[in-house]
Colleague: 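Here it is: the structure, laid out below.
Below, chain A is the first sequence line, B the second, and so on; all start at residue 1. Reckoned from all heavy atoms, side chains included, excluding hydrogens, waters and symmetry mates. Quick caveat: nothing in here was measured; it's all calculated off a predicted structure.
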Amino acid sequence: MTRVIESDICIVGAGITAAMVAERLAERTDASITVIEAGQRTASLTERTNTRARMLAYGENPYPNDHIPDQTGTGAMYRQMVVGGSAMHWGGAIPRYSPEDFRLRSLYGVGFDWPISFEDLEPYYQEAEERIGAAGEQGPADCDPRSKPYPMPPLPLSYNLARMRDWTDSAGIPFWTQPWARNTRPYRGRNVCQRCDTCAVCPTGAKYTPDFAFDRLLAERRIDLVTRTLVRRLTLEPGTGRIASAEAVDRDAPDEPVEFRADTFVIAAGHAWSSHLLLLSANARFPDGLANRTGNVGRYMTGHWYVSGFIDLPMRLYPGIFTNNSLLSHRFASPGALDRYVRHDLRLWESNVGRAPRLRNDDGRLLWGDEVMADWRERNRTGATARIRAYYDVLPDRESRLTLDGAKTNALGDPMPRIDYRPARASLDLEDHTHDTILGRFDHLARAAGGAMMSTRTSRLWEHPGGGCRMGDDPASSVVDPWGRTHDHENLFVVGAPTIVSSGCANGTLTFCALSLMAAEEMEKGL
Amino acid sequence: MAESRRGFLKQSVATVAAASVAACAPEDGRNPPTTDTPPAPLPSTTLRAVAQAILPAELGDDGQQRAVAAFERWSDGLEPVVELAHPYLVPETRYSGPDPRPGWTAQLQGLEKESRSRFGRGLPDLEIPTRRTLLTRAVEQTGSGLGAPANANHVAIALMAHFFASPLATDLCYRRTIAKQQCRGLDGATAEPGAAP
Ligand SMILES: Cc1cc2nc3c(=O)[nH]c(=O)nc-3n(C[C@H](O)[C@H](O)[C@H](O)COP(=O)(O)OP(=O)(O)OC[C@H]3O[C@@H](n4cnc5c(N)ncnc54)[C@H](O)[C@@H]3O)c2cc1C
Ligand code: SF4
């Protein structure tokens, strides 16, 4: 027999973007809200002290049961399916995109303009920062625009980062503290950061994770959270384009289907599973998948690439105190006029690369005991290592695609997602120029300290991915409108990562949250 | 698939001779006999004799004993073939390797045996340079990195990797109180770390 669960709002997924939507709607409306999560709960805050210890000692996953064994795709995508989503594990770096990211075509003649501007999104950035609890330092106004201060002061620099900032100042490139989702004062019932430096799993609760929001909403009886329940398809109301239900399977009772009925459906399932669910929901009227009348679902999958390196610095540092903090510069993400397009951020960390204890010296001779210590000391006596990385935006091609992979199915026989990312021609043409420009800036920084580059590398991993349901005013080239409402189904929203047009040169999650809050405001109007 | 791979690797601990090797999947799905009993503790006297040859003498006798005790506690708590922290944007689950401890025990027993047959004395009775000669032969194939202790292909390397990754070793190297990974509040964050006691 089918179990039916009804509510005003039905949210698919319980990650950070779902937490934003649920929290805002719960505060501002009387709507009944159901959140469906395919995964289950993982280590509670009290359990994280122990799982942290085991992660440090043995490298073990600090979040037991944070994924579904047979639910996994191909291509760069997160493994986590759990209450809280990937933002249980995240580092919590929350820079904003730059104003330029929204106007690439108008300003530089490359890529696409978004249908919204930075200024449109700015109030929602602020709201997301307040909900998450952002600790940050105002950077120079021309490359770090904001209308209000951060909710919390920045994380203090370690001795090492303070010395490194003296160095970057002398190079004439402004760096400031990375904004973090980590408390520098007690905030919304959560603790202050204790600098214990294992931010993938935070034993104090100072790092924001979405489970805190869900726990509060559950305690206030403002949401129903249905876990271990995988939505397999959305169905249409007969004769209209409206979504009628979400059909799901309870992983503990797979023979009893569950049907969720609601006035408004919100897909908050992350960059991969959102398009996947729309494609899986194909029916006679939408044979290529829901919201896919113009064939754009799963297209323009996007992310950024990076160039990184290690710099040999002639200074005495003491790596190991608070390696999870870093310095950030958006100077070159807001570069002003350009002869040829290249935009990137810069990020600096302390590092012990090239200066860690080792078993053999440069001649290959085995070292024992005191020799290891002496060799280690000597390599740190007069110098230190900095790690540097530049994210640069990669413009997605229309053929950068998520598709259903008939060759890989879950236990229910549903095809899993396959993502074949592909850069636009313009990005490939710009790749050498981008690398040369960034490496030149690395070199400039190194030389300003009297140091030298130790090594560099480039990466084509599509970091902070998004796309697949990109936003736009024109249904011919987009899936959702600027508020995340699908062009084809008036009561179906997609929020966050899938809706972005391109992914800038900065970690994306704060932008995904801001977009989700903007969508939630639109949903409120219909309630 | 992932779950059955874990089962296979867990069950194959007894067949692993000396080293922790990269986790690999069984092609034919055969399940060797289960060995769920935890391995016997590492032979303590020989391990201590090894420690004296490979840990810094500046730790002193007490410090070396404490480093060995910490390694033994770590080794007792080790679980083979557990799920590792997911690498960023990798959709597969990864597992640690099979149990290295039976191999480490065999290595310690082998060292003791070799010491007796070549020198007529047990390892603890050999001079430090002689112990190092025996150990050098045993770890000849090792590269230069210390890596994760559980992946060490010799117990001597595992013990060194465990010690040199410790907060104490870092403080000794810099002669400063860095106390890595210790919770400590935000006050005084920017101060230069004080001299280590
Ligand atoms: C190790 C790590 C470090 C990171 N660090 C940073 C960082 O410092 N800064 C930053 O900006 N970003 C970071 N990220 C990325 C960040 O975590 C993600 O961008 C963000 O969490 C995505 O949130 P989301 O809500 O879009 O999706 P998700 O977190 O993926 O949540 C979606 C949820 O939907 C559920 N779901 C999917 N399909 C269905 C279905 N059909 N039925 C029911 N439920 C479903 C999933 O189980 C999942 O829990 C990091 C990620 C990782 C893994
Ligand atoms: S450094 Fe701060 S945010 Fe990171 S784990 Fe420790 S307490 Fe949590």
Side-chain angles (χ1 to χ4, degrees), chain A residues 54-64 66-67 69-70 72-80 89 155-159 161-162 184 192-198 200 203-204 272 318-323 356-361 364 366 368-370 372-373 376-377 380 461-463 465, chain B residues 1-3 52-59 74 77-79 82-93 96 128 132 135-136 139-140 142-146 148 150 157 160-161 164-165 167 169-170 172-176 178-193:
Chain A
R54 292 205 61 90
M55 180 187 78
L56 282 173
Y58 306 108
E60 288 176 12
N61 182 0
Y63 298 102
D66 65 352
H67 63 276
D70 65 327
T72 178
T74 305
M77 57 184 288
Y78 300 116
R79 185 72 182 103
Q80 294 81 4
H89 307 62
L155 277 174
L157 294 184
S158 64
Y159 174 82
L161 285 184
T184 51
V192 183
C193 174
Q194 303 290 312
R195 288 193 290 152
C196 39
D197 215 14
T198 53
T204 69
Y318 308 99
I321 301 182
F322 191 14
T323 58
R358 59 184 184 178
L359 266 180
R360 291 181 189 274
N361 66 10
L366 262 178
W368 298 114
D370 289 328
V372 178
M373 190 56 94
W376 186 16
R377 268 190 196 126
N380 282 280
L461 180 66
W462 294 72
E463 296 219 2
Chain B
M1 167 64 192
E3 300 305 315
Q52 286 165 345
I54 63 172
L55 294 180
E58 69 178 272
L59 284 176
W74 171 86
L78 180 94
E79 270 201 56
V82 286
E83 197 180 298
L84 298 174
H86 308 298
Y88 183 62
L89 281 174
V90 173
E92 291 90 31
T93 311
S96 60
I128 296 291
R132 285 184 179 162
L135 284 164
T136 303
V139 302
E140 230 151 24
T142 305
S144 73
L146 274 165
I157 308 297
M160 282 174 88
F164 281 105
T170 301
L172 273 179
C173 168
Y174 292 92
R175 298 194 171 103
R176 300 277 171 155
I178 290 169
K180 66 178 188 173
Q181 287 142 3
Q182 201 176 87
C183 297
R184 66 188 97 196
L186 294 178
D187 291 345
T190 309
E192 186 167 7

Colleague: Can you find a pair of side-chain heavy atoms, one from A:V372 and one from B:P56, that are under 4.5 Å apart?
Modeller: no

Colleague: Can you say whether B:I157 sits under 4.5 Å from chain A via the side chain, the backbone, both, or neither, judging by heavy atoms?
Modeller: side chain

Colleague: Among B:A179, B:A169, B:A148, which has the most heavy-atom pairs under 4.5 Å with chain A?
Modeller: B:A169

Colleague: Which bit of A:T323 is near chain B, if near means a heavy-atom gap under 4.5 Å: side chain, backbone, both or neither?
Modeller: neither

Colleague: Sort A:Y78 into side chain, backbone, both or neither according to what part of it lies under 4.5 angstrom from a heavy atom of chain B.
Modeller: both

Colleague: Might you point out which heavy atoms bring A:C193 and B:L186 nearest each other, and give the distance in Å?
Modeller: O-CG, 3.5 Å

Colleague: Of all the heavy-atom pairs spanning A:R360 and B:E140, show the shortest one and how long it is.
Modeller: NH2-O, 3.0 Å

Colleague: Holding to salt bridge (charged side-chain N to carboxylate O under 4.0 Å, His left out), I want the full list of residues that pass it with B:R176, two or more places apart in sequence or in another chain.
Modeller: B:E192

Colleague: Would you mind checking which part of A:P319 comes under 4.5 Å of any heavy atom in chain B, side chain (CB onward), backbone (N, CA, C, O), both or neither?
Modeller: both

Colleague: Which pair of non-hydrogen atoms, one from B:D187 and one from A:R195, has the smallest distance, and what is that distance?
Modeller: O-NH2, 3.3 Å

Colleague: Residues two or more places apart in sequence or in another chain: which of them pass salt bridge (charged side-chain N to carboxylate O under 4.0 Å, His left out) with A:R377?
Modeller: B:E58

Colleague: Where does the angle between the aromatic ring planes of B:W74 and A:Y58 fall among parallel (under 30°), tilted (30 to 60°) and perpendicular (over 60°)?
Modeller: parallel

Colleague: Side chain from CB out, backbone as N, CA, C, O: work out which of these in A:L461 comes under 4.5 Å of a heavy atom of chain B, or both, or neither.
Modeller: side chain

Colleague: Within a strict 4.5 Å, meaning less than it, do heavy atoms of the B:L135 and A:W368 side chains meet?
Modeller: yes

Colleague: Under a 4.5 Å heavy-atom cutoff, which of B:I54, B:L89, B:V90, B:L78 has the most pairs with chain A?
Modeller: B:L89

Colleague: Please give me the minimum heavy-atom distance between A:I321 and B:P193, naming the atom from each residue.
Modeller: CD1-CG, 3.6 Å

Colleague: If I measure from the heavy atoms of chain A, does B:A57 come under 4.5 Å with its side chain, its backbone, both, or neither?
Modeller: both

Colleague: For B:L55, which atoms come within 4.5 Å of any heavy atom of chain A: side chain, backbone, both, or neither?
Modeller: backbone

Colleague: Report which part of B:A165 has an atom under 4.5 Å of a heavy atom belonging to chain A: side chain, backbone, both, or neither.
Modeller: neither

Colleague: Would you call B:V82 and A:R54 a side-chain contact if the rule is heavy atoms closer than 4.5 Å?
Modeller: no

Colleague: Between A:T72 and B:E92, is any pair of side-chain heavy atoms under 4.5 Å apart?
Modeller: no

Colleague: Tell me, with the steps shown, if B:E83 and A:D66 meet side chain to side chain contact (heavy atoms under 4.5 Å, CB included).
Modeller: CA-CA 11 Å; B:E83 197 180 298; A:D66 65 352; 3.8 Å; yes

Colleague: If I take atom OG1 from residue B:T170 and atom CH2 from residue A:W376, how far apart are they, to the nearest 0.5 angstrom?
Modeller: 4.0 Å

Colleague: Which bit of A:L161 comes within less than 4.5 Å of chain B, counting heavy atoms only: side chain, backbone, both or neither?
Modeller: neither

Colleague: Please classify the contact of B:Q52 with chain A as side chain, backbone, both or neither, using a heavy-atom distance under 4.5 Å.
Modeller: neither

Colleague: If I take atom OG1 from residue B:T93 and atom CZ from residue A:R79, how far apart are they, to the nearest 0.5 angstrom?
Modeller: 3.5 Å

Colleague: Need one label for A:P62: side chain, backbone, both or neither, based on atoms under 4.5 Å from any heavy atom in chain B.
Modeller: side chain

Colleague: For the residue pair A:T198 and B:Q181, what are the closest heavy atoms and their distance?
Modeller: CG2-CG, 4.3 Å

Colleague: Measure across A:G75 and B:P91 and return the closest heavy-atom pair with its distance rounded to 0.1 Å.
Modeller: O-CG, 3.4 Å

